[in-house]
Amino acid sequence: MTTDRVRIAPSPTGPLHIGTARTALFNFLHARHTGGVFVLRLEDTDVARSTLEYENDILEGLHWLGLRWDEGPEVAGEEARGPFGPYRQMQRLELYAAAASQLLANDQAYPCYCRPEELEAVRKEQEAAKLPPRYNGRCARLTPDERAAFESEGRKAALRFRVGEGVVGWDDIVRGRVEIDVANIGGDFVIVRADGTPLYHFVVVVDDAAMNMTLIIRGEDHISNTPKHILLFRALGHDVPTFAHLPLILNADRTKMSKRKTQTALADYRAEGFIREGLVNYLALLGWSTGTEDEILSIDELIERFDIHEVNKAGAVFDRARLEWLNGQWIRRLDADDLVDRLRPFIQAELDAGRIDRMPSDEEVRALLPIVQERLPRLGVIGELVGFLWIDQLDVDPERLVPKRWDAATTAEALAAARATIADVGEVSYEADELEPPLRSLAEVRGWKAGDLFMAIRVAVTGRTATPPLFDTLVALGYERTLERLDRALQTLASAPAASAPGT
RNA sequence: GCCCCCAUCGUCUAGAGGCCUAGGACGCCACCCUUUCAAGGUGGAGAUCAGGGGUUCGAAUCCCCUUGGGGGCACCA
C-alpha cells in the first residue's frame, strides 16, 4: 500500500464551501485509510479577496467536521505543524520568486508587456471570430531591444510560461487515461502578475512540488488545468504527482453547485443543526459508495472502507432531503449527554431570537430526550418541536382550539372536564401513566372520541396540532402550567364570538 | 467557438458478459402501529440501463457513432 501525501488547499476568498469540504474529506479519508499524510495549505495569493474571517471559517469548519490535518499552518493557539512550512502561500513568496527566476533563466518563461486592455481587445476579436480565446504570443520572441523599449515606456512585465507543443497525458485514478493537446490550453499563460505576485497555476505546482505531494485529489473542474500543471512540474524538474479528479457536486439542474442555486456554506448547514456525523456521512456518499448496501457509516468506518479507486465519474446532485434523513439517523444515535450539549446552543438561539422566554436546565432538556430525539431531523427544529414549553404566556387562536369534528361549546365543555380531571390527579402523582387512564375514561363516559379530547387538550396547552405524545408533554409542562393554560384556553373560548352554534 | 469529461428509477447509487423479468437507499403513495406528529414495520408506484449500430451463443456491462448534459478556456482560485 502506498503512503501518499495528499492535501486540501482552500482559498480564503469565501466561507467553507460544501464542495471544498467534500474534497477535503476524500483527501482525509484516503490519507487515513492508507496511512498517508494529510496536508492543509492556504492559497491566499488573491490578496484582494482573501480575508482572515474566511480563513477562520474554513479552518474552523474543517476542524468541526473532524478532518484533522497532519501538516498545516499555525492557527489560533496552535503552532504550525510539518516540515514543509510555512503553509500560507503569502509567506512563501520567496519560493515562487526563486522558481520564477529559474524558469526565466532557462527561457521556459518570458516577460510579457501586454497591457490588460490590449489582451482584452485580442480576446474580443477572437470571440467575434468564433475562435477559442488564446494568447497570441506577441511577447514570446521579443529581442532585448524590444524589451528595453517597453521598459522605457514604463511598462511592467508579467511573466508567461512557454507552453510549447505536444500532447500531455496522465493516468487519472478516477478517469483513467486523459490526454490533452497543448495547443488547446490557451497559449502561454501568466504565472506572475505585473505587480510581482504569483498566480494560482504556478503557486499550486511550486508548492505541491516543494511539499512533496504524491497524489492530487481535487474537483473535476481542474481537469482542463492539469496539463498546465504537468508542464510546470516538468519545467521545475519535479516528479509529476498522480491525479484523481472527483465528480462535481451539482445543483438540482445538474450545473456545478453554486450558492445562487443551493445553500453552499457549511456554516449555514451547521447553523440549521446538521451534525458532523450526518454531514460527513452524506458527503462521503456523494461520488463514492461501499459497493454494498451499507450506507450509515461513521467517520471511522469510512476511513476503514474508503477507496479512492472506487470513486465514480458522474456528477452528483446535492439532495437535501437525503441529507436530512441521514442527519436524523445520526441524531438518533447520539447519547443523551452529548445530545443535551449539542442542543443547548440551538435553544439559546431560540431565546436570543425571542421565540422563547427562558432557558431550560440541562436536566429539563435531558428529561425531554425520549420524546424528542427521534423527532429531530436537525437540531434546529427543537424550538418548533417543544418551544411552547419555554414560553411564559401562550396565546391560542380560538378557532384552532376546536377539533375538526367538534364545535366551540363541546370543546369548552371537554376542556373544563379535562381540567377538573387533571386537577384531580393532583400534583404528586402527576405522571404520564397516571394522566392517561382517567382522561380516557372521561372521554368514554362522555361519549367523546379520545382522539378529539386529546387534540383539544393538545392545542390548548401547546398551541399546536402536532406535538410529541400528549401525556409526556403535559408532564414536561408541569402541573401548574398545564392547569393555567387550560384555564386560559377556556377564557379564550368564552370571550370569542360564538362562531358555530352547537349542532350546526 | 475550441478542448476535455460524463450518461442505470425524480435523487444518491449497486452492477466490472450470463446470478438482472436491473438490487438498495432517500423522496413519494398505501397499509400496520397509533391520542396528533415522528420513529418503526409491511407493501407499492417508479429505470424499454440516453438513442443507434456493432462484437458475442449471450451486453446495463466491450467497441463505434449520434444525442444530451456538464466542466474548462483570466495578470480568479
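Protein chains get the first letters and strands the later ones, always in sequence-line order, with residue 1 at the start of each. All figures in this text were calculated on a predicted structure; none of them were measured in a lab.
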Have a look at [X] and say if it touches a base, only the backbone sugar-phosphate, or nothing, with a 4.0 Å heavy-atom cut-off.
X      : value
A/P247 : nothing
A/R464 : nothing
A/P469 : base
A/H245 : nothing
A/G219 : nothing
A/R458 : base
A/T45  : sugar-phosphate
A/L159 : nothing
A/L470 : base
A/N225 : base
A/E179 : sugar-phosphate
A/T467 : base
A/S224 : base
A/I457 : nothing

Is the shortest side-chain N to carboxylate O distance from A/R464 to A/E384 below 4.0 Å?
no
(Q) Taking the basic N atoms (NZ, or NE/NH1/NH2) and the acidic carboxylate oxygens, is any pair closer than 4.0 Å for A/R440 and A/E436? (A)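 Between A/E436 and A/R440 there is a salt bridge, with a charged N closer than 4.0 Å to a carboxylate O.
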Return the residues of [range] meeting this criterion: a heavy atom under 4.0 Å from some atom of RNA chain B. Order them by number, or give none.
range                       : result
residues 313-332 of chain A : A/K313, A/A314, A/G315, A/A316, A/V317, A/D319, A/A321, A/R322, A/W325, A/Q329, A/R332
residues 437-445 of chain A : A/R440
residues 255-267 of chain A : A/T255, A/K256

On RNA chain B, more 5' by nearest nucleotide between A/A9 and A/W288 is A/W288
Taking for A/M455 and for A/A194 the nucleotide of RNA chain B with the nearest heavy atom, the one nearer the 5' end belongs to A/M455
Hey, is CD on A/E151 packed in by over 12 heavy atoms from elsewhere, all under 6.0 Å?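 Correct, the count exceeds 12.
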Tell me whether A/E153 at atom CD has more than 12 heavy atoms from other residues, nucleotides or ligands lying less than 6.0 Å away.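 Atom CD in A/E153 is crowded, with more than 12 foreign heavy atoms closer than 6.0 Å.
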Hits for side-chain contact (heavy atoms from CB on, under 4.5 Å) against A/E272, two or more places apart or cross-chain, chain-then-number order -> A/Q263, A/Y269, A/F274, A/R320, A/R378
(message) The criterion is side-chain contact (heavy atoms from CB on, under 4.5 Å); which residues satisfy it with A/D335, sequence neighbours excluded?
(response)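 A/D337, A/D338.
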Does the gap between the ring centers of A/F189 and A/F202 come in under 6.0 Å?
->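 Centroid distance A/F189-A/F202: not below 6.0 Å, so no.
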Check whether the side chains of [X] and [Y] place a donor and an acceptor atom closer than 3.5 Å, and report yes or no.
X      : Y      : answer
A/R193 : A/T45  : no
A/R458 : A/T462 : no
A/R333 : A/S298 : no

*Do A/V204 and A/R7 come within less than 4.5 Å of each other through their side chains, counting heavy atoms only?*
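Yes. Closest side-chain heavy atoms under 4.5 Å.
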Strictly by Watson-Crick or wobble contacts shorter than 3.5 Å, is anything paired with [N], and which nucleotide is it?
N      : answer
B/rC20 : none
B/rC33 : none
B/rC75 : none

Covered region of RNA chain B, 5' end to 3' end, by chain A [heavy atoms, under 4.0 Å]
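Going 5' to 3' along RNA chain B, contacts run B/rG1 to B/rA77.
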Do A/R160 and A/Y135 meet the cation-pi criteria used here (NZ or CZ under 6.0 Å from the six-membered ring centre, within 45° of the axis)?
yes
